[in-house]
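Labels below follow one simple rule: chain letters A, B, ... track the order of the sequence lines, proteins then strands, and each chain is numbered from 1.
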Number of protein chains: 2
Amino acid sequence: MVSGKDWADATMQFDKLDFMLLAELCTNARRSHVELSERVGLSTTACARRLKSLEDSVIAGYHASLDLKQLGLGTTVVVRISLESQSEEALEAFEKAVIESPSVVRCFLMSGSDDYLVTVIARDIEDFERIHKTQLSRLPKVSRIQSSFALREVVNRIAPPAAFQQWRAPRRP
Amino acid sequence: MVSGKDWADATMQFDKLDFMLLAELCTNARRSHVELSERVGLSTTACARRLKSLEDSVIAGYHASLDLKQLGLGTTVVVRISLESQSEEALEAFEKAVIESPSVVRCFLMSGSDDYLVTVIARDIEDFERIHKTQLSRLPKVSRIQSSFALREVVNRIAPPAAFQQWRAPRRP
DNA sequence: TTTCTTTGGGAACTCCAATCCGCATCGACC
DNA sequence: GGTCGATGCGGATTGGAGTTCCCAAAGAAA
């Protein structure tokens with residue numbers, strides 16, 4: 001680290017066109033090369049070339065997002081979980097079990113007093129009670145579980161808009 | 001509601017093949033019809049037909065997911081925000097501003113003592129300080145902000161595996 | 001049985017994506 | 001200034017994918 005700005009190294013390899021492509025793909029991953037090229041003002045060939053290099057570096061994958069309400073899964077619950085011990089074995093055992101839990105969509109190891117922040121998707125409140133009993137309370141080494149229900153989803157984005165808003169000089173001046 | 005199981009109505013319209021397709025698309029949204037048909041054991045035509053009907057109903061969209069660390073955005077912060085008032089105007093003003101905040105990726109209106117749970121993506125801790133000053137503390141009607149840093153991401157899924165694991169009788173017995 | 005409905009499969013057509021090639025621009029170096 | 005290599009764009013071609021017909025098979029209802 002020279003300047004104290006590591007991230008500059010990371011983002012400097014991309015220019016405005018790359019970020020335009022990334023933004024397009026984040027909102028609609030199934031756009032054809034033709035559509036993409038029209039939107040960013042490039043030929044389909046150049047577009048495909050950039051796309052490939054982005055896929056080799058910064059694009060982790062392409063995913064379909066589902067309307068979970070239509071699948072009967074309309075309830076999001078955020079669960080704060082503290083463990084009895086913070087030993088490596090305890091963390092490892094807990095995490096292994098969380099990954100296996102079929103109702104969990106997100107789990108972060110957190111700083112502060114709560115050890116883990118887990119997001120659970122349930123059909124409804126009664127279904128969450130079942131999940132709590134059959135999945136959460138059976139997680140190993142848990143000392144405290146604290147659940148909060150999400151009443152409404154205000155924002156849900158793949159990436160922050162800020163990610164697309166800084167770029168180095170264009171490749172061609 | 002007859003039986004107390006609303007969700008049965010919602011999920012009953014899909015069978016095992018549909019859920020197999022959905023699971024495939026959630027892990028890789030760019031699979032061709034050929035690949036999909038091979039994986040679920042259908043012809044490409046039948047596959048495409050089911051796909052179209054799924055896109056018209058339960059598939060909300062296709063998104064590229066980015067390796068945010070490679071973009072220099074390696075820090076996830078979960079922020080609990082309480083408002084001065086719970087009036088409709090306060091909520092509305094706050095939400096409008098949150099949606100505009102370029103570093104926010106998720107925001108839920110919560111039950112319990114904390115009004116909103118907001119997930120922020122930052123470059124690093126110093127960058128979060130900047131975001132805190134320039135974005136979070138400027139949100140309207142905020143009374144308390146409490147931040148927790150995510151030390152590690154343990155699970156991050158588009159949909160819970162449980163969503164794919166129950167289906168009605170196959171369309172063709 | 002006849003008919004209608006639903007779903008799967010095949011063939012043809014259209015269009016897209018991947019690749020090869022040539023061209024333009026920039027920088028380094030002699 | 002001239003040359004060489006590196007980098008990036010664009011055009012044309014070809015193999016493959018997606019789409020759209022049409023028909024077949026299996027139940028359900030009359």
Side-chain angles (χ1 to χ4, degrees), chain A residues 8-66 70-71 164 166-173, chain B residues 8-66 70-71 164 166-173:
Chain A
D9 304 333
T11 56
M12 260 179 63
Q13 57 184 311
F14 306 114
D15 67 357
K16 181 172 179 177
L17 290 173
D18 289 318
F19 281 112
M20 286 176 73
L21 285 173
L22 289 179
E24 285 295 331
L25 289 171
C26 280
T27 58
N28 184 355
R30 288 218 142 179
R31 273 194 218 291
S32 69
H33 293 180
V34 179
E35 279 179 304
L36 288 172
S37 62
E38 285 167 357
R39 284 169 177 268
V40 305
L42 237 59
S43 76
T44 58
T45 313
C47 217
R49 239 188 323 250
R50 280 169 178 268
L51 205 55
K52 175 149 180 45
S53 107
L54 291 173
E55 283 169 352
D56 290 339
S57 60
V58 77
I59 294 179
Y62 298 102
H63 306 283
S65 70
L66 308 182
Q70 285 215 36
L71 288 176
F164 308 118
Q166 274 198 346
W167 49 77
R168 73 166 173 84
R171 303 186 188 189
R172 285 318 179 95
Chain B
D9 304 334
T11 56
M12 262 179 62
Q13 57 184 313
F14 306 114
D15 67 357
K16 181 173 179 177
L17 290 173
D18 289 319
F19 282 111
M20 287 175 72
L21 286 173
L22 289 179
E24 286 295 331
L25 290 171
C26 281
T27 57
N28 184 354
R30 288 214 143 180
R31 273 195 216 292
S32 68
H33 292 180
V34 178
E35 280 180 302
L36 288 172
S37 62
E38 285 168 357
R39 283 168 178 267
V40 305
L42 237 58
S43 75
T44 59
T45 312
C47 215
R49 236 189 327 250
R50 279 169 178 267
L51 206 54
K52 176 151 180 44
S53 110
L54 290 173
E55 283 169 353
D56 290 340
S57 60
V58 77
I59 294 178
Y62 298 102
H63 307 284
S65 70
L66 308 183
Q70 286 216 34
L71 288 175
F164 307 119
Q166 274 199 346
W167 50 77
R168 71 164 174 85
R171 303 186 187 187
R172 283 315 179 93

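- Across the protein-nucleic acid pair, B/Asp15 atom CG and C/dG8 atom C1' stand 13 Å apart, rounded to whole Å.
- Note that the CG atom of B/Leu51 and the CG atom of B/Leu42 stand 11.0 Å from one another [nearest 0.5 Å].
- In plain terms, the two heavy atoms of B/Leu25 and A/Arg30 that are nearest each other are CD2-NH2, 4.0 Å.
- Regarding contacts with the backbone of D/dT20, every side-chain N or O of B/Arg49 stays at 4.0 angstrom or more from both OP1 and OP2.
- Between A/Glu35 and B/Ala46, the one whose closest nucleotide on DNA chain C sits nearer the 5' end is B/Ala46.
- Rounding to whole angstrom units, NZ of residue B/Lys52 and C1' of C/dT7 are separated by 17 Å.
- D/dG10 atom C1' lies 17 Å from atom CG of A/Leu51, rounded to whole Å.
- The shortest non-hydrogen separation linking B/Thr44 to B/Val34 is CG2-CA, 4.0 Å.
- Per the geometry, CZ belonging to A/Arg50 stands 18 Å off P belonging to C/dT19, to the nearest Å.
- Separating the NE2 atom of A/His33 from the P atom of D/dC9 is a distance of 14 Å, rounded to the nearest angstrom.
- Among the nucleotides D/dA17, D/dC9, C/dA17, the one closest to the side chain of A/Leu17 is D/dC9.
- Counting distance only, with no hydrogens placed and no angle test, the side-chain atoms of B/Thr45 and the base atoms of C/dG10 include a donor-acceptor pair under 3.5 Å.
- Taking atom CG of A/Asp56 as the reference point, atom P of C/dA18 lies 12 Å away to the nearest angstrom.
- For the pair A/Leu36 CG and C/dA18 C1', the computed distance is 15 Å after rounding to whole Å.
- Remark: side-chain polar atoms of B/Arg39 are not paired, donor with acceptor, to backbone N or O of B/Met20 under 3.5 angstrom.
- One can place CG of B/Asp18 at 14 Å from C1' of C/dG8, the figure rounded to the nearest angstrom.
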